[in-house]
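A short write-up of the structure that comes next.
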Amino acid sequence: MNYRDTRDASRQVSFKTAVLQGMDPVTGGLYIPSEIPALSASFLFRNTPPSFRDIAFEAAKPFVAGEIPDSELMAIIADAYPFTAPVSPIDPTTYVLELFHGPTCAFKDFGARFMARMMAYFNKGEDKMLHILVATSGDTGSAVGSAFHNVPGIDVTILYPAGKISLIQEKQLSTFDGNVRAISVAGTFDDCQKLVKTAFTDETLRAKLRLSSANSINISRLLPQSFYYIYGSLLIRERCRYDCKIDNPSLIVTVPSGNFGNLTSGLMAKQMGAPIRGFIAATNSNRTIPDWLSDGDYRARPSVSTLSNAMDVGAPSNYERLSALYSLDEARRLIAGYWLDDEGTMKAVRSCHDRTGYIIDPHGAVAWRAWDDIRSGAMKSLLDGTTVPAGKPGLCGTAATAPEWAQDCADKKCVGMILETAHPAKFGETVKKATGRDPTLPERLERVLSLPDRSIPMDADYDQFKDWLLENLE
Ligand SMILES: *Cc1c(COP(=O)(O)O)cnc(C)c1O
């Protein structure tokens, strides 16, 4: 399979190059697969739905064909996914796909663990160490650190803004040992990102060290995220025969979004044959994509901080892929846009708990509220001509921009799958304020709280950072 550049379709590379390069070094574009082949119906729709690992293997195969042998791919998948994505029904037409059962309790584990193994595979036989540098404002750093922990031939240096992330996130980052270490920078996330970017363009540094990045634009983080959409949609298709009395329900997936990697993976899963009818792109006040879907105008903007901070993105990097894969009209036919402010998010955590008993984190809560509002009247009102006033949270757009599944939704023929992207205990303070309940910390989070802080304090100063890299990496 070839991968093409979003900015110049004539520039095509192998999977290996796409993984190791991250983005096109000349155009600055991102890589997308040159085709998205469908899985066979006989595989997808057999009597008992296939296991998560079987799906992962079959779905990944065409994307690495000719570059990774089947037996290796199978071993990589088994090693990457000792956990799956359980589906939890919370009312007769709503299911939560829990994506927080990996080691760092956020959905980024699915992408990071696959990417780490792809890089390690393609790095075999190199005699020089590959050094990954990553700047993080929270979840990405711990997922990447954990995914590369103890991977031979590769080490990871994570930069995070000291005191500007949650206590648990800081603990997760600062307690790595071995080939992963964290630098706590006296500065902001932007300072961290600038240090990393400057290092990548520093010729003297690059002459001495093999450097690579592990950010969310890497195609090998996107592909594996399609696995759980296929898995979840097949399970729900099977279950909802018993749970709801709707013939042939249309499955609508609600994705709490920031950089829109997750939603892009969902669209790919649909093309691969997952029985999904449509999507809801749910954001917090960073509503660049819902606005684009509704008025057709893409306007990147500075990010605003919210309670669902992993979605605080004003210039989503995967807009580049979305708009290369789909025209605005195609996107509108599939996706409804919805956004929620912090007040609404707080209320959503509370009412999800009150009405269903399910404790949801602030990111999942944005998705739950979007689905619940849309199915219980917002879509019908939109089709009847009532639009949400400009600048107010809710379902975006007009009857003319409504997705092709809107009428089914208004007629209550849809079933929803909410993606829960983080464990509620990672955002325990907000959850407690909203519900009065303290979500129990999973054992793997509890454990990091007692580990010693090994982070390396540093100023936001490039010379200091460079000296440190030259002295400590080889
Ligand atoms: C990263 C993240 C998101 C946003 O995912 P994108 O792929 O960037 O849209 C949502 N929720 C959580 C908990 C995250 O860590």
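All residue numbers in this chain count up from 1 along the given sequence. Counting starts at 1 for both ligands and their atoms, in listed order.
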Report yes or no: do D8 and T27 form a side-chain donor-acceptor pair below 3.5 Å?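 There is no such pair (donor and acceptor under 3.5 Å, judged by atom type) between the side chains of D8 and T27.
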Min N/O separation G258 to ligand 1 under 3.5 Å: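 In this structure, G258 places an N or O atom under 3.5 Å from an N or O of ligand 1.
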Does ligand 1 come near enough to F427 that some N or O of the ligand is less than 3.5 Å from an N or O of the residue?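 Among all N and O atoms of F427, none is under 3.5 Å from an N or O of ligand 1.
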Heavy-atom nearest neighbour in the protein, as seen from atom 8 (O) of ligand 1, with distance rounded to 0.1 Å: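 Here the closest protein heavy atom is N259 N, 2.8 Å.
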Top protein contact for atom 15 (O) of ligand 1, by heavy-atom distance: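 For atom 15 (O) of ligand 1, the nearest protein heavy atom comes out as K108 NZ, 2.5 Å.
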Proximity to ligand 1 by part of N262, non-hydrogen separation under 4.0 Å: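 N262 to ligand 1: contacts from backbone and side chain alike.
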Decide if the gap between the ring center of F110 and the ring center of F227 is smaller than 6.0 angstrom.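 Between F227 and F110, which both carry aromatic rings, the centre distance is not below 6.0 Å.
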Ring centroid separation F83 to H101 under 6.0 Å: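 Ring centroids of F83 and H101 are no less than 6.0 Å from each other.
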Side chains of K347 and E343, heavy atoms from C-beta outward: is any pair under 4.5 Å?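 They are in contact (side-chain heavy atoms under 4.5 Å apart), so the answer is yes.
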Hey, is CZ on R437 packed in by over 12 heavy atoms from elsewhere, all under 6.0 Å?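 At most 12 heavy atoms, drawn from other residues, nucleotides or ligands, come within 6.0 Å of this atom.
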Atom CD of E330: over 12 foreign heavy atoms under 6.0 Å: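 Yes - once you tally the heavy atoms of other residues, nucleotides and ligands closer than 6.0 Å, there are more than 12.
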Out of L99, T104, N318, T421, who is nearest to atom 12 (C) of ligand 1 when you count heavy atoms only?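 Shortest heavy-atom distance from atom 12 (C) of ligand 1: T421.
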Please could you name the atoms of ligand 1 that G261 approaches to less than 4.0 Å, counting only its heavy atoms?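 Listed by number with element, the hits are 6 (P), 7 (O), 9 (O).
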Interfacing atoms of ligand 1 (cut-off 4.0 Å, heavy-atom, A422):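 In order of numbering, the contacting atoms are 13 (C).
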